[in-house]
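Let me begin by presenting the structure, written as structure tokens, before commenting on it.
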There are 2 protein chains.
Amino acid sequence: MPVRPTAEPPTGAAHDRVYRTLRTRIMHGELAPGAALTLRGIGKEFDVSMTPAREAVRRLVAEGALFLSTSGRVSTPELTNERIEELAALRALLEVELASRALPRAHMALIDRLQSINSNVAEMISKRDAVGYIRTNLEFHRTLYLRAQAPAMLAMAETVWLQLGPTMRALYGRLRRTEPPQNHRLIIAALKAGDEPGLRLAVRSDVTQGLRLLAG
Amino acid sequence: MPVRPTAEPPTGAAHDRVYRTLRTRIMHGELAPGAALTLRGIGKEFDVSMTPAREAVRRLVAEGALFLSTSGRVSTPELTNERIEELAALRALLEVELASRALPRAHMALIDRLQSINSNVAEMISKRDAVGYIRTNLEFHRTLYLRAQAPAMLAMAETVWLQLGPTMRALYGRLRRTEPPQNHRLIIAALKAGDEPGLRLAVRSDVTQGLRLLAG
DNA sequence: TCTGGTGTTTTGTGATCACAAAGCCTGCAT
DNA sequence: ATGCAGGCTTTGTGATCACAAAACACCAGA
């Protein structure tokens, strides 16, 4: 069918729906590193032709969320240790700045919200739910960074998250910890105290620690 | 034609050739902010059908190099002052880090090369060649940052350059200065002296100053 | 059992087409 | 002259198809 023959239930353009769904899947670690995708397979799953599937895949490749082999095959990326460390450094650089910019705007309502999200994070950890953990953890960070009023910077941080998605799955699927997120508590405490150096340190630690285990 | 019926002269895939050409054009400021593009027009210029034109455009939209209106029309972005300031802050953040990482690896051959490029920059300024100035200026920065051995970080910096391309054209087309790039000299001096704080400051100034004039 | 080659299938690429929606332009009425 | 309504044109979207190359499976020979 050409263009929206009848009114569709919720979504807009087909390629955008495919893109958003795949993006969320990758960012949340629902795909393992190196997982292969095919245009026809995607088209079949979303009940569209190859054209919108291709556009969605291209977009994700441009963002570094998918890897394109020389022969055109697409798969989730298998990152080298150097790459992982670099992306962790990027997270630190960007997210420390975002947190710092959010700090003067962080009111009590935001802190309450972060504490609420953080209890969900703890629940996911106790349930050993890797995907749920990644999702709620990113929600925690995004909620804070949204207060920074810096959309381009946040978009860039999300691009890094995207690139790390499959690797994070492999990481958190591997180590079986049950401790609640200590660094998140430090972040919240620093926000309450208006302690900028403490906030920067806490964010840097939170962002760096997990990935160092895998890459170190 | 389907796929490479006869051996082609230089290039690989059609969509990639279109993508790279457009990307260079945008990054170097050859397109004014708000300039409109059409898929059929691109296809005609590159002698391909709409399909590869669409893929190239999608990629560039994903990188923020092109703006997609709600009706699907594509044009180069017209940035708000807030957005320009944010992108300048991102440049500062990323490029200061890249320069810092390049510093311990910067040998004399690199410094010579930078000086050579910098004389080209000065020439472009004296010739009032806006596009040539942007191109050589970026070449100066990229040459330095390549030494940082941080491809993901460099890619992110280039994405910021891409987003600023049309705006930089508007900026440097407007102000008619003839002074040679003073900050580049400071960068080179700091590299020679192994002075990391001085290098960070010089890079931050160089990256920030021009855009502050437009956005301030 | 392993290796090499051959035929089949899968997969990405690009051209083309039909369709709808968004522009655009012209001309008429006030 | 100005505003608006009708059509005509331009433009993006998505489906489908042909084709080549890559991946795969299968089988025969050592």
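Everything numeric here is computed off the predicted structure, so don't read it as measured data. A note on names: the letters A, B, ... follow the listed sequences, proteins ahead of strands, and every chain is numbered from 1. For the numbers below, each heavy atom of this structure counts, side chains included, while hydrogens, waters and symmetry mates do not.
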Among dT13(D), dT13(C), dT10(C), the nucleotide that comes nearest once only the side chain of His15(A) is considered: dT13(D)
Protein-nucleotide distance (Asp16(A), atom CG; dG14(D), atom C1'), rounded to Å: 14 Å
Residue Thr51(B), side-chain heavy atoms: nucleotide from dT16(C), dT13(D), dT16(D) that is nearest: dT16(C)
Distance-only donor-acceptor test, Ser71(B) side-chain atoms vs dA21(C) base atoms, 3.5 Å: no
Salt bridge present between Arg25(A) and Glu45(A) (N-O < 4.0 angstrom): yes
Atom-pair distance (CG on Leu68(A); C1' on dT13(C)), nearest Å: 12 Å
5′-ward residue of the pair Arg40(B)/Met50(A) relative to DNA chain D: Arg40(B)
Selection from dA15(D), dT16(C), dG14(D) that lies nearest to any side-chain heavy atom of Ala13(A): dG14(D)
Rounded interatomic separation in angstrom, taking CD from Glu55(B) and P from dT13(D): 13 Å
From dG12(D), dG14(D), dT11(C), nucleotide with atom closest to Leu39(B) side chain: dG12(D)
Protein-nucleotide distance (Ile42(A), atom CD1; dA15(D), atom P), rounded to Å: 14 Å
d(NZ, Lys44(B); C1', dA15(C)) in whole Å: 16 Å
Atom-pair distance (CG on Asp47(A); P on dA15(D)), nearest Å: 9 Å
Salt-bridge present (Glu139(B), Arg135(B); N to O < 4.0 Å): no
Salt-bridge criterion met for Arg23(A) and Glu158(A) (N-O under 4.0 Å): yes
Residues Glu55(B) and Tyr19(B): side-chain donor-acceptor under 3.5 angstrom: no
Side-chain donor/acceptor of Arg54(A) to base of dG14(C), under 3.5 Å: yes
Whichever of Thr38(B) and Val48(A) has its nearest DNA chain D nucleotide further upstream toward 5': Thr38(B)
Out of dT11(D), dG12(C), dT16(C), whichever nucleotide has its closest atom nearest the side chain of Arg73(B): dT11(D)
Side chain to side chain contact (heavy atoms under 4.5 Å, CB included) partner of Leu164(B), chosen from Arg83(B), Met27(B), Arg91(B): Arg91(B)
